Peer 1: 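Dropping a structure here in structure tokens format, bear with me for questions.
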Amino acid sequence: MTNGEARGLRARARGAGLRALGASGLPRLAAPFTRGAGAILMFHHVRPAAPSAFAPNRGLEITPEFLDETIRALREGGFDIISLDEAPDRIRHPAARPFAVLTFDDGYRDNLIHALPVLERRGAPFTIFVATGFAEGTARLWWIELEAAIRALSSVSFEGVELPCDTEARKTAAFLRIYWRLRAGSEERLLAEICALADRAGVDPRALTRDLCMDWDEIGALAANPLCTIGVHTLTHPRLAKLEAAAAQHEIEESQAIIETKLGRVARHLAYPVGDPTSAGPREFAMAAKLGFETAVTTRKGMIFPDHAGLMTALPRLSVNGDFQQRAFIDLLLTGAPFLLWNRGRRIAA
Ligand SMILES: [Zn+2]
């Protein structure tokens with residue numbers, strides 16, 4: 001079995017496990033103990049569904065209707081939706097009601113077009129983590145380039161092997177194989193290999209970035225909205241842990257300075273690009289703390305507990321996954337019970 005197939009199986013097993021867990025009714029009973037002080041929700045694209053069997057990045061997008069449903073689930077579940085600026089106080093001094101923070105990574109234009117109307121209608125504060133290179137149209141959305149290249153090609157050559165891409169299932173298999181092989185390696189290799197594939201497929205990386213990401217005028221307009229907080233997401237969106245320390249620090253510091261200059265306000269929150277343990281670890285957590293960030297968020301899964309007050313630059317999030325756009329899943333995740341299982345009983349898993 002390939003890496004990709006194994007991951008697919010694990011994802012399906014996780015879905016089935018969640019359904020069984022939800023049906024048991026136990027999570028609702030356990031919620032007062034497993035929910036903690038609250039949750040920081042993570043979103044990426046918000047846009048109408050575009051049905052396609054080859055959609056390997058589908059986990060990173062939800063519909064505007066499901067964003068609305070998620071906000072309803074939070075409010076009906078007793079969560080206070082607060083800004084990220086208010087979160088440190090609620091972590092240090094939990095209230096009777098849990099809190100929720102809505103965060104959107106990367107700075108996609110669809111956030112402005114499709115998410116903002118929902119957030120405004122619901123009066124829900126939110127944070128957009130902006131990678132400045134995306135706003136400038138220079139940094140690369142390599143996971144979307146890879147998808148676009150494989151969509152366009154009928155076969156791809158990778159590591160000396162010819163991978164057929166003549167059906168949607170084969171395209172998905174090729175994507176998963178290449179994606180996880182490159183994720184295991186260096187940032188340079190990942191960017192170079194995908195650049196070569198994009199080139200062969202006639203995919204223009206910069207055009208993709210300009211099409212999908214907000215420019216500074218759009219970010220400025222969004223930042224003027226009282227519901228909006230703009231956070232830092234580096235210059236070029238690298239996996240920071242793969243870089244030399246000085247380069248990693250430059251990515252964080254310089255992007256913070258650019259945002260503060262462009263928008264005329266302080267940016268005190270950071271999201272680590274990719275954010276898994278191979279992309280951000282103890283070195284980055286210490287770096288963010290030393291640079292004075294009030295919070296920094298990963299993509300580790302979990303609720304927020306009072307003990308996170310000592311780990312304010314290593315906060316986990318609750319990923320709202322496009323593969324699971326069902327109210328029952330959100331209700332279940334918001335009990336916190338699934339995270340306790342996934343983290344093997346540990347409430348704090350940095
Ligand atoms: Zn990102």
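The figures here come from the full heavy-atom set of this structure, side chains too, leaving out hydrogens, waters and symmetry mates. Model, not experiment: these values are computed from the prediction. Every number for a ligand or one of its atoms is a count from 1 in the order of the listing.
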Peer 1: Does the plane of the ring in Tyr179 sit parallel, tilted or perpendicular to the ring in Phe175? Use 30° and 60° as the thresholds.
Peer 2: parallel

Peer 1: Do you see an N/O/S atom of His44, backbone or side chain, under 2.8 Å from the Zn ion (ligand 1)?
Peer 2: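 No, outside the cut-off.
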
Peer 1: Measuring from the Zn ion (ligand 1), name the closest N, O or S atom belonging to Asp106.
Peer 2: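 For Asp106, the N, O or S atom at the smallest distance from the Zn ion (ligand 1) is OD1.
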
Peer 1: His233: which N/O/S atom is nearest the Zn ion (ligand 1)?
Peer 2: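 Atom name returned: NE2.
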
Peer 1: May I have the step-by-step check of ring pair (Phe, Tyr, Trp, His ring centres under 6.0 Å) for Phe134 and Tyr108, ending in yes or no?
Peer 2: CA-CA 9 Å; Phe134 290 157; Tyr108 295 114; 7.1 Å; no

Peer 1: How close do Thr234 and His237 get, counting heavy atoms only, and between which atoms?
Peer 2: OG1-N, 2.9 Å

Peer 1: Is Lys262 salt-bridged to Glu136, going by a charged N under 4.0 Å from an acidic O?
Peer 2: no

